[in-house]
Amino acid sequence: MDLHSTPKTTIVIFGATGDLAKRKLFPSIFNLYQAGKLSEEFAVVGLARREWSNFTLREVVNESISSANDDLIEKFCKHFYYLPFDVTRNDSYINLDKLLKEVEDVYGIPGNRIFYMSTSPEFFGTIASNLKAHQLTETKGWTRLIIEKPFGRDAASAEQLNNEISQAFSEDEIYRIDHYLGKDMVQNIEVIRFANSIFEPLWNNHYISNVQITLSETLGVEDRGGYYDTSGAMRDMVQNHVLQLVSLLAMDPPIRLTPEEVRHEKIKVLRALKPVATDNASEYFVRGQYIPGIMNDQEVPGYRSEESVSPKSITETFVAGKLQIENHRWTGVPFYIRTGKRLESKTTKVIIEFKNMPLNLYFNGEKDTSNLLSINIQPVEGITLLLNGKKEGTSGEAVPVQLDYNNKNDDISSTPEAYERLIYNCLLGDATNFAHSDEVLLSWKYVDPILKAWQSDKVEIAEYESGTMGPKASDDLLAKDGNHWWPVN
Ligand SMILES: NC(=O)C1=CN([C@@H]2O[C@H](COP(=O)(O)OP(=O)(O)OC[C@H]3O[C@@H](n4cnc5c(N)ncnc54)[C@H](OP(=O)(O)O)[C@@H]3O)[C@@H](O)[C@H]2O)C=CC1
Ligand SMILES: O=C1O[C@H](COP(=O)(O)O)[C@@H](O)[C@H](O)[C@H]1O
């Protein structure tokens with residue numbers, strides 16, 4: 001794989017008039033162009049039902065980009081083409097075939113095509129089977145499929161979707177997006193673990209007490225209430241982003257950095273997760289829902305008053321859980337996870353708490369003397385190591401000392417950058433940072449019994465005030481083991 005190549009490609013976006021295309025995809029493709037990672041021989045074909053023209057799409061693309069270089073933007077936008085398209089209609093695919101051949105002629109593109117599914121998930125199967133039926137995947141070049149989340153809503157539907165798309169694409173042509181895998185510090189987890197001899201020997205149940213993973217958001221559901229109310233935090237964040245983080249943190253070193261070897265190790269972790277039984281779910285998982293509160297001096301509404309959300313909704317906007325990995329490395333080490341909306345801060349952070357010394361001879365005025373390694377994913381990117389050092393001027397006292405390494409990134413959300421990286425990986429044919437079907441299915445199999453328990457309103461949904469770090473039950477979950485959440489701000 002040539003890491004500096006600029007493959008001649010057409011990117012076909014299904015759902016080009018939608019929110020994701022405008023907010024993430026167009027800016028990311030522009031950034032690749034600006035960085036010289038796309039040659040002049042590329043085209044983007046946008047598809048949706050709206051009667052737009054090339055001109056309308058180019059205007060929207062232009063508006064979505066924040067760059068002072070107007071000439072470059074203008075040049076970039078000329079690579080965009082629009083076709084009014086209904087995913088359910090045969091004639092749409094016939095017209096697409098014609099347009100693709102035309103633009104490939106214009107740019108000398110040898111049939112390399114990325115099909116990006118950015119529509120509602122109900123259409124993913126229909127699009128794949130129509131692409132196959134109309135032979136749009138049969139070219140002289142390569143064809144790849146990028147598929148957005150959600151990938152199913154349980155193991156059965158994910159399996160069905162897999163069957164549908166695999167009629168048109170082989171597994172190595174399918175790139176299932178998990179944008180967390182495109183974040184710089186998430187990709188750094190493997191480097192920190194496997195390129196530093198000081199960490200790997202300690203990375204096991206002999207030295208680690210517990211692992212804490214927090215993905216907290218300050219925003220509510222915004223204008224996605226309709227989608228979110230049928231999804232909830234478990235499907236929206238835990239089944240994908242959180243379990244991907246768990247597998248990266250817990251996996252054994254791969255023998256090579258190929259997609260197959262890395263995936264093999266991640267899958268072993270997911271297979272080793274101790275299943276949580278439906279009738280036992282409350283012992284290991286807590287669900288919560290936000291109620292009104294004050295954030296940034298402003299009163300914010302509770303979840304049930306959000307637009308397109310049922311006033312009686314029992315959808316969880318917060319999840320905390322204790323995961324157990326049953327293998328030689330991790331048995332006995334809880335992996336605590338939590339994620340939620342309308343929490344105190346926008347933070348994604350992993351904290352590794354090391355076991356205490358068998359005998360600490362130094363008095364420490366602070367209650368906790370644990371060594372902590374924080375992997376700071378966002379908004380600050382870097383790592384922090386909390387050690388104990390001698391208190392200046394005293395002989396027998398120790399104080400916490402913090403070593404900080406920061407990736408200087410002022411960008412509050414690293415999402416556009418993540419999409420940019422992942423689209424480029426797909427252009428290069430590198431599937432390392434995408435979710436394989438086995439990972440997706442194993443993740444669903446883990447969360448399905450918990451979701452089943454939550455289908456009924458018999459399992460308590462704990463309310464939490466907006467602007468806090470979730471319900472008290474989340475703290476109780478750790479307190480049962482004699483642990484507590486470390487601050488993440
Ligand atoms: N927005 C986000 O931040 C995120 C989105 N996703 C996922 O990305 C996908 C797209 O999301 P988003 O952009 O927000 O959704 P939107 O509802 O904003 O966009 C949906 C797109 O699909 C098009 N569409 C709808 N019906 C048809 C049809 N029959 N034929 C052709 N096109 C159709 C719409 O255009 P038109 O009405 O003109 O046909 C529109 O372009 C979803 O799977 C979502 O879950 C994932 C993570 C984050
Ligand atoms: O996938 C999703 O992620 C975002 C959070 O992403 P981040 O990069 O801003 O941390 C979340 O808001 C959204 O609900 C979910 O679908």
Side-chain angles (χ1 to χ4, degrees), residues 12-28 46-52 56-57 60 64 82-93 95-96 116-127 130 146-153 161 176-186 213-242 244-245 306 308 315-319 339-343 345-349 377-379 381 411-419 421-422 435:
V12 182
I13 302 180
F14 296 89
T17 58
D19 172 72
L20 185 77
K22 186 168 178 184
R23 281 194 309 112
K24 312 278 185 197
L25 307 187
F26 303 151
S28 299
L47 310 169
R49 287 168 306 178
R50 254 159 267 191
E51 290 293 329
W52 283 9
T56 334
L57 177 64
V60 172
S64 73
Y82 184 79
L83 180 69
F85 187 97
D86 188 323
V87 296
T88 59
R89 290 176 60 115
N90 273 324
D91 55 347
S92 287
Y93 295 87
N95 294 339
L96 177 61
Y116 198 122
M117 290 199 195
S118 178
T119 62
S120 158
E122 72 193 89
F123 296 133
F124 294 166
T126 310
I127 298 171
N130 274 303
I146 301 187
I147 186 160
E148 264 300 338
K149 60 174 279 207
F151 198 88
R153 53 177 288 109
L161 178 55
R176 294 175 193 80
I177 283 261
D178 183 315
H179 78 272
Y180 268 66
L181 296 180
K183 291 183 190 278
D184 206 35
M185 280 308 295
V186 173
I213 304 174
T214 301
L215 283 73
S216 66
E217 296 188 75
T218 48
L219 292 179
V221 289
E222 308 298 291
D223 52 4
R224 294 173 75 215
Y227 150 75
Y228 196 89
D229 209 32
T230 59
S231 167
M234 186 69 107
R235 290 190 174 91
D236 191 46
M237 298 293 281
V238 179
Q239 179 271 334
N240 36 72
H241 310 319
V242 172
Q244 284 291 332
L245 286 176
E306 298 278 17
S308 310
T315 298
E316 77 287 355
T317 59
F318 177 93
V319 175
T339 182
K341 297 213 180 267
R342 283 274 188 248
L343 298 180
S345 64
K346 169 75 183 165
T347 312
T348 305
K349 188 176 283 217
I377 294 169
Q378 61 184 6
E381 298 186 359
D411 186 1
I412 277 288
S413 159
S414 49
T415 304
E417 204 197 310
Y419 269 93
R421 255 195 221 113
L422 293 173

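As a basis for the values below, the full set of heavy atoms in this structure was taken, side chains included, without hydrogen atoms, waters or symmetry mates. In listed order, ligands and their atoms are each counted from 1.
- Between the OG1 atom in T119 and the CG atom in L20 there is a gap of 10.5 Å [rounded to 0.5 Å].
- The protein heavy-atom contact nearest to atom 30 (N) of ligand 1 is V87 N, 3.0 Å.
- Within ligand 1, counting atoms from 1 as listed, the ones closer than 4.0 Å to a heavy atom of T17 are 34 (C), 35 (O), 36 (P), 38 (O), 40 (C), 41 (O).
- Of the protein's heavy atoms, K149 O, 3.3 Å lies nearest to atom 7 (C) of ligand 1.
- Applying the 4.0 Å criterion to heavy atoms of R50 picks out, from ligand 1, the atoms 35 (O), 36 (P), 37 (O), 38 (O).
- Heavy-atom contacts of F85 reach the following atoms of ligand 1: 30 (N), 31 (C) (cutoff under 4.0 Å).
- When each atom of ligand 2 is checked for a heavy atom of H241 under 4.0 Å away, the hits are 1 (O), 2 (C), 3 (O).
- Separating the OG1 atom in T17 from the CZ atom in R49 is a distance of 8.0 Å, to the nearest 0.5 Å.
- Considering backbone and side-chain atoms together, Y419 places no N or O closer than 3.5 Å to any N or O of ligand 1.
- Which of G15, S92, G226 comes nearest to atom 23 (C) of ligand 1 through a heavy atom is settled by distance: it is G15.
- Shown in contact with K346 at under 4.0 Å from a heavy atom are these atoms of ligand 2, numbered in order with element: 7 (P), 9 (O), 10 (O).
- The atoms of ligand 1 that sit less than 4.0 Å from any heavy atom of G18 are 13 (O), 18 (O), 19 (O), 40 (C), 41 (O).
- Scanning all protein heavy atoms for the shortest distance to atom 20 (C) of ligand 1 gives S118 O, 4.1 Å.
- Taking every heavy atom of both residues into account, W52 and P84 meet most closely at O-CG, 4.0 Å.
- When D86, T119, D223 are ranked by how near their heavy atoms come to atom 42 (C) of ligand 1, first place goes to T119.
- Where the criterion is an N or O separation shorter than 3.5 Å, residue side chain and backbone included, K183 meets it with respect to ligand 2.
- No cation-pi contact links K149 to F151, judged by a cut-off of 6.0 Å to the six-membered ring centre and 45° from its axis.
- Counting all heavy atoms, side chain and backbone alike, L25 lies closest to I13 at CD1-CG2, 4.2 Å.
- Here the rule is side chain to side chain contact (heavy atoms under 4.5 Å, CB included) with S92, and of L83, L47, D86 only D86 fits it.
- At a 4.0 Å heavy-atom cut-off, ligand 1 touches F124 through the side chain alone.
- With 3.5 Å as the limit, one finds no donor-acceptor pair spanning the side chains of T214 and S216.
- With E316 contributing its side chain and A233 its backbone, the two residues share a donor-acceptor pair below 3.5 Å.
- Protein non-hydrogen atoms do reach within 4.0 Å of atom 38 (O) of ligand 1.
- Atom 17 (O) of ligand 1 is never approached by the protein to below 4.0 angstrom, counting heavy atoms only.
- Close contacts between ligand 1 and P121 involve ligand atoms 43 (O) [criterion: under 4.0 Å to a heavy atom].
- Residue contacts with ligand 1, taken as heavy atom pairs separated by less than 4.0 Å, involve E148 solely via side-chain atoms from C-beta onward.
- Of the candidates N240, L20, D236, the one placing a heavy atom closest to atom 48 (C) of ligand 1 is L20.
- Of the listed residues (E217, H179, Q378), the one carrying the non-hydrogen atom nearest atom 3 (O) of ligand 2 is H179.
- Of the N and O atoms on the side chains of D236 and Y227, at least one donor lies less than 3.5 Å from an acceptor on the other residue.
- Without hydrogens or angle criteria, R176 side chain to I147 main chain gives no donor-acceptor distance under 3.5 Å.
- No hydrogens or angles considered: nothing links the side chains of E148 and S118 as a donor-acceptor pair under 3.5 Å.
- Contact annotation: for Y180 versus ligand 2, heavy atoms closer than 4.0 Å belong to the side chain alone.
- Atoms of ligand 1 found under 4.0 Å from any heavy atom of A48 (numbered from 1 in listed order, with element): 32 (N), 35 (O), 36 (P), 38 (O), 39 (O), 41 (O).
- The shortest heavy-atom contact between P121 and P150 is CG-CD, 3.5 Å.
- In this structure, the side chains of H179 and K24 stay at 4.5 Å or more apart for every pair of heavy atoms.
- Residue contacts with ligand 1, taken as heavy atom pairs separated by less than 4.0 Å, involve F123 solely via side-chain atoms from C-beta onward.
- The closest non-hydrogen atom to atom 16 (O) of ligand 2, taken over T348, D236, I177, comes from D236.
- The option from E222, R23, R49 that lies nearest to atom 25 (C) of ligand 1, judged by heavy atoms, is R49.
- Below 4.0 Å from some heavy atom of P150 lie the following atoms of ligand 1, by number and element: 45 (O).
- Closest heavy-atom contact between D178 and N240: OD2-C, 3.3 Å.
- What you find for P379 and K346 is that their closest heavy atoms are CD-O, 3.0 Å.
- The main-chain N or O of T230 is found under 3.5 Å from a side-chain atom of R153 such that the two form a donor-acceptor pair.
- Residues forming a ring-ring contact (aromatic ring centres under 6.0 Å, His included) with F85 (at least two apart in sequence, or on another chain): F14, Y93.
- Considering only non-hydrogen protein atoms, atom 1 (N) of ligand 1 sits nearest to D19 OD2, 2.7 Å.
- Heavy-atom distances between T88 and ligand 1 stay at or above 4.0 Å for every pair.
- Every atom of ligand 2 with a heavy atom of K341 under 4.0 Å away is listed here by number and element: 11 (C), 12 (O), 13 (C), 14 (O).
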